[in-house]
Each structure stands twice: as C-alpha cells, then as structure tokens.
Amino acid sequence: MSVKIIIGYLRLLNRVLQQEHIDLSKVVAPELWQAFHACLENPDEHDFDVERYALLLQSAQAYFPRPITLVLAEHANLQDLGLMGYLASTSLDLQQALQLLQRYYSLVFKQTNLEQLNVQQFSDYIQIVWSASYCDYREMYELNLALIFKIAQSIVQDALVPPQMIQFGYAPNTALYHFEKFYGCAIQVQAGQYVIRFSNQILQAKSIAADQQLNHVLSTQAQQSLNSMSSF
C-alpha cells in the first residue's frame with residue numbers, strides 16, 4: 001500500500017532546498033524529481049508517497065552536517081501540516097492539541113497511513129506512541145517526531161520543558177547526539193516503536209493563539225474529511 005502525504009511536506013522541503021541553494025535534480029532520478037515538481041505545481045492532480053519523499057530526504061542529507069529531518073522541523077510552521085496544523089494552533093492548550101492530533105493524524109497522510117498514533121496519559125506523564133513497521137519510512141518517522149515536538153513548542157510558548165524520554169524505533173542514519181541536542185534529552189533506540197514523553201505539568205499551558213470557535217469549525221471539517229474518505 002502506498003502511503004501518500006499532504007502537499008505541506010513537499011513545500012517545506014522545497015522551501016529549505018531553495019533557502020540553502022541546493023539543487024537535487026542532478027543527484028536523484030529524473031522521474032523522481034519530475035514527480036516532486038509536478039505535485040508541487042498541481043497538488044490536486046498529483047500525489048506523492050512517503051517512499052519517494054524519504055528518498056529525497058536521503059539525497060538531501062549529504063548537503064547538511066545535521067539530520068535533514070531536524071533542519072526541516074526547525075523551518076516548519078504549523079500550516080505545513082495542513083488542517084492538522086491549524087487545529088493545533090487554535091487549540092486551548094497542549095492537551096487539546098494532542099487529543100486532536102490523535103484523532104485526525106491520518107489526514108496528514110491522506111488517510112493512507114499504516115501507523116496508528118496513540119496518545120497515552122498516565123498520572124505523571126503523557127506520551128505519544130506509534131509503531132515502527134517500515135524501515136523505509138525511517139526519515140518520515142524522525143521528521144514527524146520532530147514536528148510533534150515543534151507543535152508542543154509553539155503552543156506552550158514559554159521554554160518547553162524537555163521531554164522526559166524519546167525513543168526511536170530504528171537507529172537513525174546520523175549520530176544520536178544531534179537529536180539529543182535538539183530535544184534536550186537522551187535518545188533510546190528500541191525496535192518497533194517511536195515514543196515522545198512529556199511531564200503532565202506542561203499540558204495546561206495556554207496557547208496565546210487559542211480560538212475555540214475556529215477550532216470547533218476546523219474539527220468539524222476534519223471529521224467530515226474522515227467520514228467522506230471512510231464512505232469512499
């Protein structure tokens with residue numbers, strides 16, 4: 001099954017490549033580069049899947065001394081995540097944002113994702129967990145983990161308390177210390193599962209961009225998208 005991603009991911013990568021004056025057209029297969037630009041120019045008529053996106057990330061990595069996934073996350077804005085980003089930005093607090101992320105996460109992948117994201121809350125901490133079933137998706141797993149962290153930073157506003165724990169389901173192709181510096185905590189590698197864990201104390205931090213009326217409208221729209229795809 002081919003897992004499709006929304007146009008925001010492609011625009012984010014293209015924006016970073018342009019800012020850094022990097023031309024991948026000479027190092028990736030012509031058909032891959034053509035498909036990338038065809039989707040950028042007309043996203044309503046073209047799809048782009050995770051496998052091809054990971055190939056582009058792997059090719060771009062040679063131009064960066066740090067993990068390309070972290071570079072992308074640092075340049076990302078919530079709108080790159082499409083409707084999911086707008087839902088997060090209008091949430092009352094991080095707890096609501098994470099609940100919406102769990103409910104509508106599949107919209108990021110045009111509902112073709114095979115990994116179920118779960119938000120698990122305990123007495124002292126909350127964690128976001130999903131399975132690592134496909135080695136070819138490694139860069140995508142790393143990018144989405146970094147983007148979840150970026151969402152948390154944007155909502156909390158104050159200096160975000162570092163996660164209590166980060167776990168990778170696959171060993172990254174770049175040194176772990178880059179990720180440890182980015183997240184501010186140690187990284188564990190345990191086959192089969194990605195995890196990011198926060199202390200419960202950050203959940204009630206209010207977002208300055210909270211708009212519950214708009215959030216409700218967006219949630220309705222997101223649910224309609226889920227329902228229409230399910231019916232289809």
Side-chain angles (χ1 to χ4, degrees), residues 3 5 8-24 27-28 36 50-78 80-81 84-85 88 94 98 101 105 108-109 115 117 125-199 202:
V3 180
I5 53 175
Y9 282 87
L10 279 69
R11 289 172 177 161
L12 171 59
L13 175 58
N14 191 55
R15 191 164 68 241
V16 170
L17 293 177
Q18 289 181 341
Q19 289 175 355
E20 298 298 325
H21 307 289
I22 295 172
D23 182 6
L24 290 185
V27 297
V28 301
F36 176 61
V50 172
E51 292 90 341
R52 291 187 293 175
Y53 192 73
L55 288 174
L56 289 176
L57 295 184
Q58 292 163 15
S59 298
Q61 183 60 67
Y63 296 88
F64 294 90
R66 302 170 56 238
I68 179 64
T69 53
L70 300 185
V71 175
L72 290 178
E74 289 170 350
H75 284 79
N77 54 58
L78 290 175
D80 290 323
L81 292 173
M84 190 62 253
L94 183 58
L98 293 180
L101 180 65
Y105 183 64
V108 167
F109 293 92
E115 313 295 354
L117 181 144
Y125 64 86
I126 187 169
Q127 62 183 21
I128 301 96
V129 180
W130 68 94
S131 299
S133 305
Y134 303 92
C135 185
D136 290 343
Y137 296 178
R138 182 186 329 227
E139 286 81 9
M140 198 70 188
Y141 293 142
E142 293 173 15
L143 175 57
N144 281 345
L145 190 68
L147 288 173
I148 290 172
F149 182 68
K150 183 74 180 286
I151 288 174
Q153 281 185 319
S154 67
I155 291 174
V156 172
Q157 298 297 323
D158 298 329
L160 180 65
V161 176
Q164 291 184 341
M165 187 265 281
I166 295 283
Q167 178 179 299
F168 283 5
Y170 293 104
N173 291 319
T174 48
L176 278 178
Y177 73 82
H178 292 299
F179 297 96
E180 291 175 341
K181 183 177 180 180
F182 177 82
Y183 291 108
C185 69
I187 306 292
Q188 302 177 16
V189 178
Q190 183 172 326
Q193 192 167 257
Y194 282 80
V195 182
I196 180 169
R197 178 183 297 170
F198 292 105
S199 167
I202 71 169

For residues 174-186, which side-chain donor-acceptor pairs fall under 3.5 Å, sequence neighbours excluded?
residue: Glu180; atom: OE2; partner: Ile187; partner atom: N; Å: 3.4
residue: Tyr183; atom: OH; partner: Ala146; partner atom: N; Å: 3.1

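When all heavy atoms of Ile68 and Gln61 are compared, the closest pair comes out as N-OE1, 2.7 Å. Nearest heavy atoms, Ser59 versus Val28: OG-CG1, 3.3 Å. The heavy-atom pair separating Ala60 from Leu17 by the smallest distance is CB-CD2, 4.3 Å. Smallest separation of non-hydrogen atoms from Pro163 and Phe198: CG-CE2, 3.9 Å. In plain terms, the two heavy atoms of Ser199 and Gln164 that are nearest each other are CB-NE2, 3.5 Å. Here the shortest heavy-atom pairing between Trp130 and Ile148 reads CZ3-CD1, 3.7 Å.
Remark: Arg66 pairs with Glu74 by the salt bridge (Lys or Arg N to Asp or Glu O under 4.0 Å) rule, at least two apart or across chains.
For Arg15 (side chain) and Ala76 (main-chain N/O), no donor-acceptor pair under 3.5 Å exists by modelled atom type. Judged purely by atom type and a 3.5 angstrom limit, Gln193 has no side-chain atom pairing as donor or acceptor with the backbone of Gln167. Using a distance-only test at 3.5 Å, with no hydrogens or angles considered, a donor-acceptor pair links the side chain of Asn77 to the main chain of Asp80.
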**Study point:** Worked check of side-chain hydrogen bond (donor to acceptor under 3.5 Å, both in side chains) between Tyr9 and Asn144
**Key:** CA-CA 10 Å; Tyr9 282 87; Asn144 281 345; 2.6 Å; yes
Review point. Would Glu51 and Tyr137 satisfy side-chain hydrogen bond (donor to acceptor under 3.5 Å, both in side chains), going step by step from the backbone distance to the final call?
Key: CA-CA 7 Å; Glu51 292 90 341; Tyr137 296 178; 3.2 Å; yes
Practice item. Apply the test side-chain contact (heavy atoms from CB on, under 4.5 Å) to residues Val16 and Val71: give CA-CA distance (whole Å), side-chain angles for both, the deciding distance (0.1 Å), then the verdict. Key: CA-CA 8 Å; Val16 170; Val71 175; 4.0 Å; yes
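Checking Asn173 against Gln58 by side-chain atom types alone, no donor-acceptor pair falls below 3.5 Å.
Side-chain contact between Leu56 and Leu13: present, with at least one pair of heavy atoms (C-beta onward) separated by less than 4.5 Å. Here the side chains of Phe64 and Ile22 are in contact, with some heavy-atom distance below 4.5 Å. Residues Leu12 and His75 have side chains in contact (heavy-atom distance under 4.5 Å, counting atoms from C-beta outward). At least one side-chain heavy atom of Leu10 sits less than 4.5 Å from a side-chain heavy atom of Tyr53. Contact of the Phe168 side chain with the Leu145 side chain is registered, since non-hydrogen atoms from C-beta on lie closer than 4.5 Å. With contacts defined as side-chain heavy-atom distances shorter than 4.5 Å, the pair Leu57/Leu72 qualifies. With a 4.5 Å cut-off on side-chain heavy atoms, Met165 and Tyr125 do not count as touching.
In this structure, Tyr141 OH and Cys135 SG are separated by 9.0 Å, a value rounded to the nearest 0.5 Å. Between Ile128 atom CD1 and Leu98 atom CG the span is 4.5 Å, to the nearest 0.5 Å. Atom CZ in Arg138 sits 11.5 Å away from atom OG1 in Thr69 (nearest 0.5 Å). With rounding to the nearest 0.5 angstrom, the CD1 atom of Ile5 is 9.0 Å from the CZ atom of Arg52. Atom-to-atom distance recorded for Leu143:CG and Leu70:CG is 9.0 Å, nearest 0.5 angstrom. Between Asp23 atom CG and Tyr63 atom OH the span is 7.0 Å, to the nearest 0.5 Å.
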